[in-house]
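One structure below.
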2 protein chains.
Amino acid sequence: MITLTSAEENYLKAIYHLSDGGKKGVSTNDVSAEMKTKPASVSDMLRKLGEKEVIEYRKYYGLHITEEGKKMALQTIRKHRIWEVFLVQKLKFSWDEVHEVADALSHVKSKSLIQRLDEYLGYPKFDPHGDPIPDEFGDVRVRPRLPLNEIELGSTGQIVAVKDSSPAFLRYLDKVGAYIGARIKVIDKTEFDGSVEILVDNKKSIFMSKDVAGNILVMV
Amino acid sequence: MITLTSAEENYLKAIYHLSDGGKKGVSTNDVSAEMKTKPASVSDMLRKLGEKEVIEYRKYYGLHITEEGKKMALQTIRKHRIWEVFLVQKLKFSWDEVHEVADALSHVKSKSLIQRLDEYLGYPKFDPHGDPIPDEFGDVRVRPRLPLNEIELGSTGQIVAVKDSSPAFLRYLDKVGAYIGARIKVIDKTEFDGSVEILVDNKKSIFMSKDVAGNILVMV
DNA sequence: TATTATTTTTAGACTTATCTAAATCGCTAA
DNA sequence: TTAGCGATTTAGATAAGTCTAAAAATAATA
Ligand SMILES: [Mn+2]
Ligand SMILES: [Mn+2]
Ligand SMILES: [Mn+2]
Ligand SMILES: [Mn+2]
């Protein structure tokens, strides 16, 4: 049975995201940028993760996550997202405050803690940012979703997730009144700059830049 | 502002308990036994805690906890006990399973997490083992309480806490039907071996050895 | 009080995770 | 085809927390 330290779990989770769920190879510098640690530290960590066979690592050529690595990354992601649900739903944190705390909580080692928490929360399928929560086997419920700026003029849909979970972006969405679950309709699109205007819940109209719209994911 | 690592917090908490809340001095070996680490490791840690002035440490002569140290220990204890309440009340852990997990959770660094959790739980005053939860200023609600074996024959009272929180002891209490909050009456005492017999909630009679009775705390 | 026993500390080693500085590799542009 | 640049790894250092073995200090006992 492979066990990972908290640091190893964090690196593996970052690698899973960078590799787009295992589809792409990842470089040392990619990981360095994501983890905000120096490339030298990353090299050392990649060697360790390679020895534990959660990644396939070739010196100077980057890495690929293994099937075992994917499984473990998904379990870490599962814990992280379940804790985020708890913090927002039960403790009334706002969705821009939970990432760091959930990270710390997700490293607490206990067989039953996450099962019981999951049960307590009613087996949530998505986290506060709309990201799917893998089940205990690592299976993920995929929802087809598109960036808001790619939705056709006149179409309706529902905001289901955000690509950017940074506090700055999330607080901006709070300010303008966009939220996960909102029903939207695209009422104007400007080709020139890619900006869009949407109607939220048939009430409020919001104008947003292409940049913002590209980070909002919609299910049509 | 003094900050402690998780290990330092754990040592300081142990020291607080060993010193009976600051009343007694504590030796290196005491701490070693409590923490299950070697005396050599303890010496090193005591030096660090001394430098941070949470204890007053004289080589070869043991230590005394300082006022600042007491405050910090009480905050760690507060977090630990609040998490224990959460695990038992909300996640349905049994009271013999929560200590380790609560320990890990209590080291998560976040200004607001414990405040919000405390609020969510309705500001509990006691943990699942009947131990008082210090408030955010470190103030503790003291309840006068006596070991069950020191209660007079014929007296009534209420079980309010346990001295021994080991899983083995707690599971034994579960088995015989003793629990925090139970109304009891001492219906027999044997001078010879110190054993007692009690009536729980005017229904069930329980016979217990002096050893067991001495670890049950009663408010008369 | 002198010797022995116990307690405590020091010295040196190991592990994990990080850094800086220096060396090395691989790719690309001349 | 090779010089040079950027990416990557290696080497060596640091910090925290632990250990074992040995030294030193204190306490107990004869
Ligand atoms: Mn997150
Ligand atoms: Mn999230
Ligand atoms: Mn406890
Ligand atoms: Mn407790």
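Since the model is a prediction, treat every value here as computed from it, not as a measurement. First the proteins, then the strands, lettered A, B, ... as listed; each starts at 1.
Counting only residues at least two apart or in different chains, side-chain hydrogen bond (donor to acceptor under 3.5 Å, both in side chains) contacts with residues 109-119 of chain A comprise A:E9-A:K109, A:R78-A:D118.
Spacing between atom OH of A:Y11 and atom P of C:dA17 amounts to 9 Å, rounded to whole angstrom units. Taking atom CG of B:N10 as the reference point, atom C1' of D:dG17 lies 12 Å away to the nearest angstrom. The distance from atom CE of B:M35 to atom C1' of D:dC19 is 15 Å, rounded to the nearest whole Å. Note: NZ (A:K38) to P (D:dA7) measures 14 Å, nearest angstrom. In this entry the distance linking CE of A:M45 with P of C:dT15 reads 16 Å, nearest Å. Summarising the geometry, the separation between NZ on A:K36 and C1' on C:dA17 is reported as 18 Å, rounded to the nearest angstrom. In this structure, CG of A:L49 is placed 12 Å from C1' of C:dA17, rounded to the nearest angstrom. Between B:L4 atom CG and D:dG17 atom C1' the separation is 15 Å, expressed in whole Å.
Using a 30° and 60° split on the angle between ring planes, B:W95 and B:H129 fall in the parallel class, below 30°.
A:S41 and A:D44 share no side-chain donor-acceptor pair at under 3.5 Å.
Using a cut-off of 4.0 Å between Lys/Arg side-chain N and Asp/Glu carboxylate O, B:K52 and B:E8 are scored as salt-bridged.
The only member of A:L74, A:D103, A:L18 that meets side chain to side chain contact (heavy atoms under 4.5 Å, CB included) when paired with A:K13 is A:D103.
Side-chain N or O atoms of B:E97 include one that pairs as donor or acceptor with a backbone N or O of B:S94 at under 3.5 Å.
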*Which letters describe nucleotides 8-16 of chain D, given B = protein heavy atom under 4.0 Å from base, S = only from sugar-phosphate, - = neither?*
BBB-----S

